[in-house]
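First comes the structure, then the notes that go with it.
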Amino acid sequence: MKGGALTETTFLVLLALFEPAHGYGIMQFIERATNGRVVLGAGTLYGAINTLVKKKWIASYGDMTGSNKKLYLITNSGKEKVEVELKRLNEIYKLANAIMKGDAI
């Protein structure tokens, strides 16, 4: 696919990390932001985190004081990916609206 669409999980994790967060905080953010529609299991989340770290779309931000929980934060490269994905989703949204309204393409 030209443009490389992100999975919903990847997109949501990137959005969650515009502020530093640990794994459980990411899970809570996504569940809250999607009104419970998306609930990530630990395996899914940590698999996504490992992939995103390898791609350098997120980076370790240190540990929480007094805890062994690792914090993560989106990188500039990750922010660029979010912008590209948002543009792609907006194009799909506009196309779907035009088709549903009966507008010719």
Side-chain angles (χ1 to χ4, degrees):
M1 170 184 276
K2 190 176 181 181
L6 299 180
T7 66
E8 184 175 20
T9 296
T10 297
F11 190 56
L12 290 170
V13 170
L14 289 171
L15 291 174
L17 291 174
F18 270 75
E19 296 289 331
H22 54 75
Y24 185 66
I26 296 168
M27 291 168 72
Q28 289 178 311
F29 170 88
I30 290 172
E31 186 171 352
R32 188 175 58 251
T34 64
N35 294 315
R37 183 181 59 81
V38 178
V39 179
L40 298 181
T44 300
L45 175 64
Y46 288 103
I49 287 173
N50 290 334
T51 298
L52 294 172
V53 167
K54 286 179 186 173
K55 291 183 176 190
K56 299 185 183 202
W57 294 356
I58 66 172
S60 178
Y61 190 73
D63 299 328
M64 290 181 62
T65 305
S67 172
N68 63 354
K69 293 180 180 180
K70 185 180 274 191
L71 294 171
Y72 297 93
L73 185 66
I74 192 169
T75 63
N76 287 334
S77 180
K79 288 178 182 178
E80 290 172 9
K81 292 296 180 184
V82 167
E83 288 177 21
V84 169
E85 182 66 2
L86 190 55
K87 181 179 177 187
R88 186 189 73 80
L89 291 171
N90 279 322
E91 290 171 358
I92 292 170
Y93 177 79
K94 289 175 187 175
L95 173 62
N97 272 330
I99 291 170
M100 291 175 65
K101 291 177 184 175
D103 294 341
I105 299 176

Under 4.5 Å between side-chain heavy atoms, counting indirect links through other Ile/Leu/Val/Met/Phe/Trp/Tyr residues: same cluster for [X] and [Y] or not?
| X | Y | result |
| --- | --- | --- |
| Y61 | F18 | no |
| I74 | L71 | no |
| L89 | V13 | yes |
| V38 | L52 | yes |
| V53 | L73 | no |

Subject >> E19 CD: over 12 foreign heavy atoms closer than 6.0 Å >> reply: no

Subject >> Qualifying residue for side-chain contact (heavy atoms from CB on, under 4.5 Å) with W57, from V82, L6, N76 >> reply: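 Considering V82, L6, N76, a side-chain contact (heavy atoms from CB on, under 4.5 Å) with W57 is found only for L6.
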
Original post:
Taking only residues two or more places apart in sequence, or in another chain, which ones meet R32 in a salt bridge (charged side-chain N to carboxylate O under 4.0 Å, His left out)?
Top reply: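 Checked R32 against salt bridge (charged side-chain N to carboxylate O under 4.0 Å, His left out); zero matches.
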
What is the distance from atom [atom1] of [X] to atom [atom2] of [Y], rounded to the nearest 0.5 Å?
| X | Y | atom1 | atom2 | value |
| --- | --- | --- | --- | --- |
| E91 | L86 | CD | CG | 10.5 Å |
| L45 | N50 | CG | CG | 9.5 Å |
| L12 | I30 | CG | CD1 | 5.0 Å |
| K79 | L14 | NZ | CG | 11.5 Å |

Subject >> Nearest heavy atoms of I26 and A16, plus distance in Å >> reply: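 Where I26 meets A16 most closely, the heavy atoms are CG2-CB, 4.0 Å.
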
Subject >> Atom of T9, atom of A48 and distance for their closest heavy-atom approach >> reply: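 Smallest interatomic distance, heavy atoms only, reads CG2-CB, 4.2 Å.
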
Original post:
Are F11 and L15 close enough that some pair of their side-chain heavy atoms sits under 4.5 Å apart?
Top reply: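 With C-beta onward as the side chain, the pair touches.
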
Original post:
With no hydrogens and no angle check, is any side-chain donor or acceptor of T75 less than 3.5 Å from a backbone partner on K56?
Top reply: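 Answer holds: yes.
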
Subject >> NZ/NE/NH1/NH2 to OD/OE distance under 4.0 Å, R88 and E85 >> reply: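 Judged by the 4.0 Å cut-off on N to carboxylate O distance, R88 and E85 do form a salt bridge.
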
